[in-house]
Student: 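First the structure, which I've put down as structure tokens, then a few questions once you've had a look.
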Amino acid sequence: MSRAALVVIDVQESFRQRVIWAYGSNPDIVGQVDRLVTAARERGDLVVWVLHSEPGTGGVFDPANGHVRLIEGLTPVDGEPTLVKTSHNAFTTTNLQQLLTLAEVSDITVCGIRTEQCVETTTRLGSDLGYRMTFVTDATMTFPIPHRDLPETATLAEILADPRTLGNEEIISRTEYALAGRFATVRTVDEVTGALTGARS
């Protein structure tokens, strides 16, 4: 019998250490993810936690600095694996596919940080691998993206003031547009938790 899984991607302290955290799209990312996790556990779905690591870089994603851990308020329980990736998507540098295969998972719900990067690439690859993907848009978080021509030395103030900077709402809208109906079903937390608890179809 096929099973469903919730994959939580990069909701980790590393991001909170960045100044741009205050300009993120979803200040309640932990609360939204926790709602999904609670509903998945109630149904008996597999919950998989994924963290991003960049060893040896000296930055906030370098595990030596202690920030490659879940944000406070999110805690795995026994039987919920925590994987550590070094690529954007959650499949390429982990054994995620093996875990899902052994658990006979056919349906994957994804959430996490960043909307258009690690969560989207995981969704696309999962779709390519044959999983039925659900992208929970309001349980993701992203940050303004500077224009490609802006110097790497640009300050946060300069990035935010630049009219070419891609804002959070546009990033989310573009991501939903690219995924919906082709790589995934796009849903909200209310829709997914309602479905998981039997309150909605």
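Below, all heavy atoms of this structure are taken into account, side chains as well, without hydrogens, waters or symmetry copies.
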Student: Under the rule for ring-ring contact (aromatic ring centres under 6.0 Å, His included), what residues qualify as partners of F183, not counting sequence neighbours?
Tutor: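 With neighbours one apart ignored, the set is empty.
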Student: Any salt bridge (Lys or Arg N to Asp or Glu O under 4.0 Å) involving residues 5-28? Give me the pairs, sequence neighbours left out, ordered by first then second residue.
Tutor: D10-K85, E13-R16
Student: Show the nearest heavy-atom pair for residues T82 and P76, with the distance to one decimal.
Tutor: OG1-CG, 3.7 Å
Student: Taking side chain as C-beta onward, heavy atoms only, is V119 less than 4.5 Å from C111?
Tutor: no
Student: Locate the shortest heavy-atom distance separating P146 from T165; write the atom from each residue and the value.
Tutor: CA-OG1, 4.1 Å
Student: Do you know the tightest heavy-atom contact between A184 and T123?
Tutor: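 Result for this residue pair: CB-CG2, 3.5 Å.
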Student: For residues G56 and D62, report the shortest heavy-atom separation together with the two atoms involved.
Tutor: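 That closest heavy-atom pairing would be N-OD2, 3.2 Å.
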Student: Less than 4.5 Å apart, side chain to side chain, heavy atoms only: is that true for L179 and R124?
Tutor: yes
Student: Tell me who clusters with I159, hydrophobic residues only, linked when side chains sit under 4.5 Å apart either directly or through other members.
Tutor: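 L150, listed by chain and number.
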Student: Would you say T121's side chain and Q117's backbone share a donor-acceptor pair under 3.5 angstrom?
Tutor: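 It does hold such a pair.
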Student: Can you tell if the side chain of T86 reaches within under 4.5 Å of the side chain of P55, non-hydrogen atoms only?
Tutor: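 They are in contact (side-chain heavy atoms under 4.5 Å apart), so the answer is yes.
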Student: Who are the salt bridge (Lys or Arg N to Asp or Glu O under 4.0 Å) partners of D162, not counting sequence neighbours?
Tutor: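 Counting only residues at least two positions away or on another chain, D162 forms a salt bridge (Lys or Arg N to Asp or Glu O under 4.0 Å) with R164.
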Student: Is it true that I9 and V33 fall in one hydrophobic cluster, defined by side-chain heavy atoms closer than 4.5 Å?
Tutor: no
Student: Donor-acceptor check, side chain of S173 to backbone of E169, threshold 3.5 angstrom: yes or no?
Tutor: no
Student: Can you check whether D45 reaches L6 side chain to side chain, under 4.5 Å on heavy atoms?
Tutor: no
Student: Which residue pairs pass the salt bridge (Lys or Arg N to Asp or Glu O under 4.0 Å) test with at least one member in residues 131-140, sequence neighbours excluded?
Tutor: D107-R132
Student: Specify the closest pair of heavy atoms between V68 and S53, including all atoms of both residues, with the distance to one decimal.
Tutor: CG1-CB, 4.4 Å
Student: Which residues pass the salt bridge (Lys or Arg N to Asp or Glu O under 4.0 Å) test with E80, not counting sequence neighbours?
Tutor: R41
Student: Of all residues at least two apart in sequence or in a different chain, which pass the side chain to side chain donor-acceptor pair (under 3.5 Å) check with T137?
Tutor: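 So T137 forms a side chain to side chain donor-acceptor pair (under 3.5 Å) with E176.
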Student: Look up atom CH2 in W49 and atom CD in Q12, then write down how far apart they are to the nearest 0.5 Å.
Tutor: 12.5 Å
Student: What about V47 and I29, same hydrophobic cluster or not, with Ile/Leu/Val/Met/Phe/Trp/Tyr joined at side-chain heavy-atom distances under 4.5 Å?
Tutor: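 The answer is yes; both residues are in one hydrophobic cluster.
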Student: Kindly compute the distance separating CZ (F91) from CG (L100), expressed to the nearest 0.5 Å.
Tutor: 5.5 Å
Student: Any donor and acceptor pair, going by atom type alone, linking the side chain of S14 with main-chain N or O of H67 inside 3.5 Å?
Tutor: yes
Student: If you look at every heavy atom in T175 and T115, which pair is closest and at what distance?
Tutor: CG2-O, 3.8 Å
Student: Linking I/L/V/M/F/W/Y whenever their side-chain heavy atoms sit closer than 4.5 Å, directly or via other members, would L129 and L46 fall into one cluster?
Tutor: yes
Student: What distance do N26 atom CG and N168 atom CG have between them, rounded to the nearest 0.5 Å?
Tutor: 10.0 Å
Student: Give, for atom NE2 of H52 and atom CZ of R114, the distance between the pair rounded to the nearest 0.5 Å.
Tutor: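 One finds 10.5 Å between NE2 of H52 and CZ of R114.
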Student: How would you list all residue pairs meeting salt bridge (Lys or Arg N to Asp or Glu O under 4.0 Å) that involve residues 144-155, not counting sequence neighbours?
Tutor: none
Student: Is there a side-chain contact between V60 and N65 in this structure, where contact means two heavy atoms from C-beta onward sitting under 4.5 Å apart?
Tutor: no
Student: Measuring only between side-chain heavy atoms, which start at C-beta, is W21 closer than 4.5 Å to M141?
Tutor: yes
Student: Can you list, by chain and residue number, the hydrophobic cluster partners of I145 when the side-chain cut-off is 4.5 Å?
Tutor: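 Same cluster as I145: L166, I171.
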Student: Which residues satisfy the side chain to side chain donor-acceptor pair (under 3.5 Å) test with D34, sequence neighbours excluded?
Tutor: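 D34 satisfies side chain to side chain donor-acceptor pair (under 3.5 Å) with no other residue.
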Student: Who pairs with R69 by side chain to side chain donor-acceptor pair (under 3.5 Å), at least two apart in sequence or on another chain?
Tutor: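 Listed in chain order: nothing, the list is empty.
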Student: Please report the interatomic distance CG(L96) to CD1(I108), rounded to the nearest 0.5 Å.
Tutor: 6.5 Å
Student: For E116, which residues count as a side chain to side chain donor-acceptor pair (under 3.5 Å) partner, sequence neighbours excluded?
Tutor: T142
Student: Can you tell if the side chain of T140 reaches within under 4.5 Å of the side chain of S25, non-hydrogen atoms only?
Tutor: no
Student: How long is the span from the CZ atom in F15 to the CD1 atom in I71, to the nearest 0.5 Å?
Tutor: 9.0 Å
Student: Are the side chain of T193 and the backbone N or O of A39 linked by a donor-acceptor pair below 3.5 Å?
Tutor: no
Student: Determine whether V30 and I113 fall in the same hydrophobic cluster, where Ile, Leu, Val, Met, Phe, Trp and Tyr are linked whenever their side-chain heavy atoms lie under 4.5 Å apart.
Tutor: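 Yes, same cluster.
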Student: Would a 4.5 Å heavy-atom cut-off, applied to side chains only, mark L70 and L51 as touching?
Tutor: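 Answer yes - side chains close enough.
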Student: Do Y131 and V192 belong together in a cluster built from hydrophobic side chains that touch within less than 4.5 Å?
Tutor: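 In one cluster: no.
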